[in-house]
2 protein chains.
Amino acid sequence: MTESPVHHESPIYRRIADRLREQIMSGTLGDGDRLPGENALMAEYGIARATARQALAVLINEGLAVPRRGSGVYVRLFRPIRRHGSRRLSRQQWGQGTAIWDSDARGRAYTVDEIQIQREAAGEQAAQVLGAQDVWVRRRRYSVDGRPVQLAVSHFPADLVEGTAITLPDTGPGGVYARLGDLGHTPVHFTEEVRARMPLPGEAELLGLPAGNPVIVISRVAYAVGGVPVELNEMTLDAASYVLQYDFEA
Amino acid sequence: MTESPVHHESPIYRRIADRLREQIMSGTLGDGDRLPGENALMAEYGIARATARQALAVLINEGLAVPRRGSGVYVRLFRPIRRHGSRRLSRQQWGQGTAIWDSDARGRAYTVDEIQIQREAAGEQAAQVLGAQDVWVRRRRYSVDGRPVQLAVSHFPADLVEGTAITLPDTGPGGVYARLGDLGHTPVHFTEEVRARMPLPGEAELLGLPAGNPVIVISRVAYAVGGVPVELNEMTLDAASYVLQYDFEA
DNA sequence: GAGTGGTCTAGACCACTAA
DNA sequence: TAGTGGTCTAGACCACTCC
């Protein structure tokens with residue numbers, strides 16, 4: 001006869017992680033505070049180093065803690081920026097509404113610290129969405145207070161924007177959307193597809209992400225009147241730095 | 001004098017992880033395929049077991065692979081459900097638009113497999129958003145094909161919904177929004193705040209999430225005419241199971 | 001220079017899966 | 001029962017941070 005399920009207590013490293021997590025969640029350990037290090041855990045619990053490391057790895061992979069070489073393991077901070085999907089239907093006219101999540105983007109300016117613009121063959125998605133074989137692509141990285149928070153890659157149908165300022169570093173007053181307007185293709189409708197996942201190593205490096213930090217990926221398509229797609233913008237956001245807000249009617 | 005930066009090659013475990021990742025991304029290893037196990041990696045690269053484990057842990061924490069006890073490590077699948085934030089402005093009228101991400105929710109039905117309804121003191125957020133001290137709370141878990149994909153917790157001002165079907169398991173035809181309408185508080189405006197993070201252990205358990213799987217958290221507030229907040233719905237989604245879609249005008 | 005986290009080895013016992 | 005991943009020990013050398 002087969003045995004009934006047995007009682008299993010959590011492994012040591014997990015119980016240690018649970019304890020530390022509780023201290024973080026309860027505020028006993030606050031933003032930026034130092035967690036007990038590997039040596040401290042070894043001494044306190046009488047465990048091997050690998051086990052102490054495993055306990056800390058749990059919190060690191062949960063995005064609650066960040067290791068700093070030669071220094072220690074610290075409580076991670078969450079100071080999001082609020083990104084409005086639709087400004088037009090803003091919270092103003094629904095004044096009773098209180099923001100659920102704090103964000104401190106106010107007063108801090110976006111900085112674009114990298115730009116690459118080139119014409120290239122459309123990838124599978126761009127080709128499918130824009131219905132174009134060649135595209136002009138604008139890649140950039142946004143930072144706030146010197147910290148990178150977002151990667152953005154915009155695709156435009158090459159035939160449409162060839163010879164315009166959209167293919168130049170300086171797109172002029174009003175930016176690319178104003179230039180699309182000059183062409184008679186003002187964007188009037190937007191679709192955003194939002195996903196979240198762990199970053200690839202290249203993304204983690206460009207955004208300076210520690211372990212346990214997911215990214216939010218927004219695939220945004222801009223349509224001109226007549227339903228003509230004029231831009232595909234693929235954005236990769238540090239999930240710890242953003243709260244997305246969308247307003248809409250019933 | 002201080003030395004200039006030295007050349008650092010990647011550690012072994014990272015190079016192994018990179019190789020395996022490449023095979024996954026390129027499709028050499030497809031959905032559900034088995035990765036080389038710890039023993040295989042030890043033999044192939046002549047490394048210790050801990051090092052092989054570390055290599056696999058990288059992919060697991062990136063959400064690219066899933067370990068199965070006693071069996072092996074397998075390539076993770078990504079089969080998202082499309083969730084429309086706003087159905088009214090659907091893609092129909094922007095017919096040229098092609099969905100960027102495939103989703104296979106069609107034909108599969110949501111199942112609510114857990115319900116808990118109770119009156120309780122409002123938490124900090126609920127109190128702030130709804131302006132109520134007591135709330136009725138409906139907790140549920142949605143599954144698709146028997147797999148849990150979403151936790152949802154709805155809060156209603158207790159004074160508003162007391163004695164209505166909103167406090168009962170069966171809310172009647174049209175659900176809670178129809179009942180709110182009966183009260184003269186039909187929701188007409190919605191605000192959704194979207195974040196992503198790693199799940200807490202309790203969330204990971206309820207959703208059956210493996211390591212390296214983030215969650216998307218949607219805080220949705222429903223407003224009746226006059227800007228009266230009538231519901232706060234806090235949803236926790238398996239990020240690997242969802243693509244959120246939002247449509248809006250310029 | 002002392003302490004920290006990063007990498008790695010060489011073992012051990014366990015629970016679980018699958019043939 | 002053989003093979004797998006899960007947990008844990010007891011060491012080692014390294015690069016880095018901070019004083």
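Because the structure is predicted, anything quoted here is derived from the model rather than measured. These numbers come from the heavy atoms of this one structure, side chains and all, not from hydrogens, waters or symmetry mates. Each chain gets a letter, A, B and so on, in the order the sequences are listed, and its residues count up from 1.
Across dC8(D), dC18(D), dG6(C), the shortest atom-to-atom separation from the side chain of Arg69(A) is found for dG6(C). Looking at the side chain of Ala48(A), the nearest of the listed nucleotides dT9(D), dC8(C), dT17(D) is dT9(D). The side chain of Arg49(B) lies closest to dC13(C), out of dA18(C), dC13(C), dT9(D). Here the nucleotide nearest the side chain of Val73(B), chosen from dT7(C), dA10(C), dG5(D), is dG5(D). When the nucleotides dC8(D), dT17(D), dT9(C) are ranked by their closest atom to the side chain of Ala50(B), dT9(C) comes out on top.
Note that CG of Leu232(A) and CZ of Phe156(A) are 9.5 Å apart. Values are rounded to the nearest 0.5 Å.
Taking only side-chain nitrogens and oxygens, Tyr13(A) never comes nearer than 4.0 Å to OP1 or OP2 of dC8(D). An OP1 or OP2 oxygen of dT7(D) is reached within less than 4.0 angstrom by no side-chain nitrogen or oxygen of Thr51(A).
Straight-line distance from the CD1 atom of Ile47(A) to the C1' atom of dC8(D): 10 Å, rounded to whole Å. Look at OH on Tyr74(B): it is 11 Å from C1' on dG3(D), rounded to the nearest Å. If you take OH of Tyr45(B) and P of dT9(C), they are 14 Å apart, rounded to a whole angstrom. Rounded to whole angstrom, the span from the CZ atom of Arg53(B) across to the P atom of dG5(D) amounts to 8 Å.
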Distance-only donor-acceptor hits, side chain of residues 63-74 of chain B, under 3.5 Å, sequence neighbours excluded:
{"unit_1": "Ser71(B)", "atom_1": "OG", "unit_2": "Tyr74(B)", "atom_2": "OH", "d": "2.5"}

When the side chains of residues 40-51 of chain A are checked against the rest of the protein, which donor-acceptor pairs come out under 3.5 Å, sequence neighbours left out?
{"unit_1": "Tyr45(A)", "atom_1": "OH", "unit_2": "Arg19(A)", "atom_2": "NH1", "d": "3.3"}
{"unit_1": "Arg49(A)", "atom_1": "NE", "unit_2": "Glu38(A)", "atom_2": "OE1", "d": "2.8"}
{"unit_1": "Arg49(A)", "atom_1": "NH2", "unit_2": "Glu38(A)", "atom_2": "OE1", "d": "2.8"}

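The pair Glu22(B)-Arg15(B) does not count as a salt bridge, with every side-chain nitrogen at least 4.0 angstrom from each carboxylate oxygen. Using a 4.0 Å cut-off between charged side-chain N and carboxylate O, Asp31(B) and Arg76(B) make no salt bridge. At a threshold of 4.0 Å, the pair Arg83(A)-Glu192(A) counts as salt-bridged, since one of the basic side-chain nitrogens sits closer than that to a carboxylate oxygen.
DNA chain D is contacted by both Arg14(A) and Gly70(A); Arg14(A) maps to the nucleotide lying nearer its 5′ end (nearest heavy atom per residue).
Of the residues in residues 28-44 of chain B, those lying under 4.0 Å from DNA chain D by heavy-atom distance are Arg34(B), Gly37(B), Glu38(B), Asn39(B).
The backbone N or O of Leu168(B) lies less than 3.5 Å from a partner atom in the side chain of Arg138(B), making a donor-acceptor pair.
Within 4.0 Å (heavy atoms only), Leu56(A) reaches no atom of the nucleic acid at all. Counting non-hydrogen atoms under 4.0 angstrom, Arg68(A) reaches the backbone sugars and phosphates but no base.
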